[in-house]
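Please read the structure below before turning to the comments.
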Amino acid sequence: MRVSHLVGKTLRETPRDATLTSHIFLLRGAYVRQVASGIYSLLPIARRITAKIERIIREEMDRIGGQEILMPVVMPRELWEESGRYYSIGDEMVRFKDRSDNDLLLGMTHEEPAVQIVRSEVESYKQLPVMVYQIQTKFRDEPRARGGLIRVREFTMKDAYSFHTSQEDLEEYYSKVHEAYVRIFKRAGLRRVVDVSADTGIMGGGVSHEFMLVTPAGEDTLLLCPHCGYRANKEVAYTNLPEEPEEPKPLEKVATPEQKTIEEVASFLGVPHSKTAKAVFFVHSDKGLVFVLIRGDLEVNETKLRKVLGPGELRPAHDEEIEEAGAVPGYASPVGLDTSKFTLVVDRSVTVVNNLVTGANEEGYHLVGFNVERDLGEVEPADVASVRQGDPCPLCGQPLNMERGIEIGNIFQLGTKYSEPMGCTYLDNDGKKKPMIMGCYGIGVGRLLASVIEESHDDYGPIWPISIAPWQVQICAIDQKKEGVGDTAARLHRELEAAGIEVLWDDRNEKAGVQFADADLRGIPIRLVVSKKTLKNGGVEFSLRGSKDREIWPIDEVLPKVRQTIEKLEAELLP
RNA sequence: CGGGGCGUAGCGCAGUCUGGUAGCGCGCCUGCUUUGGGAGCAGGAUGCCGGAGGUUCGAGUCCUCUCGCCCCGACCA
């Protein structure tokens, strides 16, 4: 391929809309162009990369017995009514009508059609397990797209669905997919990928893991234990706060004029934040007012709280709603309130310590000597607190590290969440119909591409791993009109391509600086420079993207040396 | 959905307060010179100033409405 005819011009300056590294290089290097918020076209250079990523994914899915299929993007309402998700998913799913007034939707995940296929094509336990997968477009009307390809509305995803006769079989397969994912990310050149325990969100089901690229650019927060390897998304991470029992003191009302926040109250009374219990109020569409009692030094984790409360919308409560329940904003506690007026959620954190400060439900007063068990009676403590940097690991007690991560893949054990309502059954060897046990597994292709840039770049552009590089070799020819320069470049281009090597030749009559800058933006691993100078020195100059080392290679040795270099680079990425 | 910012040439921006024939840099086209980290000179093309209403003799600029994009948060396989 010649640069002079390559579609996509590089940009010298950073477009205003880009702030994230990968987004900046994706635009400057002419990888993508935005069509609308969260909707992008891929230009040739990016499409070449995603094609390679997809090939790696295919190979690894096929290795574990996957069968590639292709399901539609547009589906009828009826199919999604079967699982109930037509109603449980909100505005994230795009719905519309066709000319006959039928309700249609754009697929954002494909459990329903996958189940539809398998329930009619697979009938016997003898055929199980099976796994089908596809690499296909998804549309999710995200409330906020961001960061170039990191969070988009339309994207390509590999999604896989497995079907089993037992939980044990699912678990065994789940770990195979887990291994396949590790191989995929390794082969794609990602280094800092970790799997973390995760929330299941709209997918439902039981166990799930997310594969996260650890990077400050990530949207998710992870808690990682450097000691024992405990790893979890903040949404599900938990900790065991140490118990600090004290002799219970009597409950007493004290005046705390104008002291409303935990900050103010704690310093006014001279106690640490961890010796206070604060009230946080929400309104849940199903449960009404929710009163969360949590230690003053902790934050309520809404994802965890949602799980405790069950399905429905959750939002912070207004002051009027709090007052209606008899609580006084700024001075609230459940003590002495009619608990039938709200749903009380007591976080575990307030049960491991005694003698807390909490609100007196009276303007200007707090209670001291508050002891949950004694003063509230029987309460079932829940875990709704966010884990913090340095909190003890729930497994080994060592302090946890907090990091950011980009979710590039996830795997779920779904159980019978879809097979049961949708009648996806098989005949077992005892002659009985049983629902299949399911798993599902996703990888975002475009996000993976952007993640590689986040992890592998320098000031000048991406540094592509050879496995997914748009081309393997970049030829820069400086002053091509000079004796031998243009001819040599053309010959190298011809010979390397004939040998099956992917070559991008900058055949423009641009100055060295321009060619090098563009080559850096394209991030191609092997760079060959042909110029008057290199010819005088006996050949072409070889260098690796991201390295300062330079070598002169005689023209006749270029092909074998390129082959050798590619092999060496590929070997580094073997799982 | 809440908060903030921005829409002027392909890209980056000035001009808007204080209304008077739309500018700069880069890129693009032509020619010459140049060719190892984003060259020089000369000439040239490019704008529904996001859109619609309004005020005015006159609107990129003032007023009203509207659409879009980005960032933070909420939200989120």
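We name chains A, B, ... by the order of the sequence lines, and we start the count at 1 in each one.
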Indicate, yes or no, whether a donor-acceptor pair under 3.5 Å links the base of [N] to the side chain of [X].
X	N	result
A/Asp520	B/G37	yes
A/Arg527	B/G37	yes
A/Glu13	B/G25	yes

Which part of the nucleic acid does [X] contact within heavy-atom distance under 4.0 Å: base, sugar-phosphate only, or nothing?
X	value
A/Glu541	base
A/Glu219	nothing
A/Arg306	sugar-phosphate

Among the candidates [options], find the nucleotide nearest to the side-chain atoms of [X].
X	options	result
A/Arg144	B/C11, B/G37, B/C71	B/C71
A/Lys9	B/G38, B/G10, B/C75	B/G10
A/Thr19	B/C11, B/C71, B/G36	B/C71

Legend entry - Salt bridge present between A/Lys158 and A/Glu60 (N-O < 4.0 angstrom): no
Legend entry - Trace of the side-chain contact (heavy atoms from CB on, under 4.5 Å) decision for A/Leu449 with A/Tyr31: CA-CA 11 Å; A/Leu449 178 150; A/Tyr31 292 83; 5.5 Å; no
Inset, instruction - Examine A/Arg85 relative to A/Tyr418 and say whether NZ or CZ is less than 6.0 Å from the centre of the six-membered ring and inside a 45° cone about the ring axis. - result: no
Inset, instruction - Would you kindly check if the NZ (Lys) or CZ (Arg) of A/Arg545 is within the cone defined by 45 degrees around the ring axis of A/Tyr460 and under 6.0 Å from the six-membered ring centre? - result: no
[N] phosphate, OP1 or OP2, under 4.0 Å from [X] side-chain N/O:
X	N	result
A/Arg16	B/C13	yes
A/Gln515	B/U35	no
A/Arg146	B/G73	no
A/Arg12	B/G27	yes
A/Thr14	B/C11	no

Legend entry - G-U wobble or Watson-Crick pairing nucleotide for B/A22 (cut-off 3.5 Å, both distances): none
Legend entry - Strand partner of B/C32, provided both Watson-Crick or wobble distances fall under 3.5 Å: B/G40
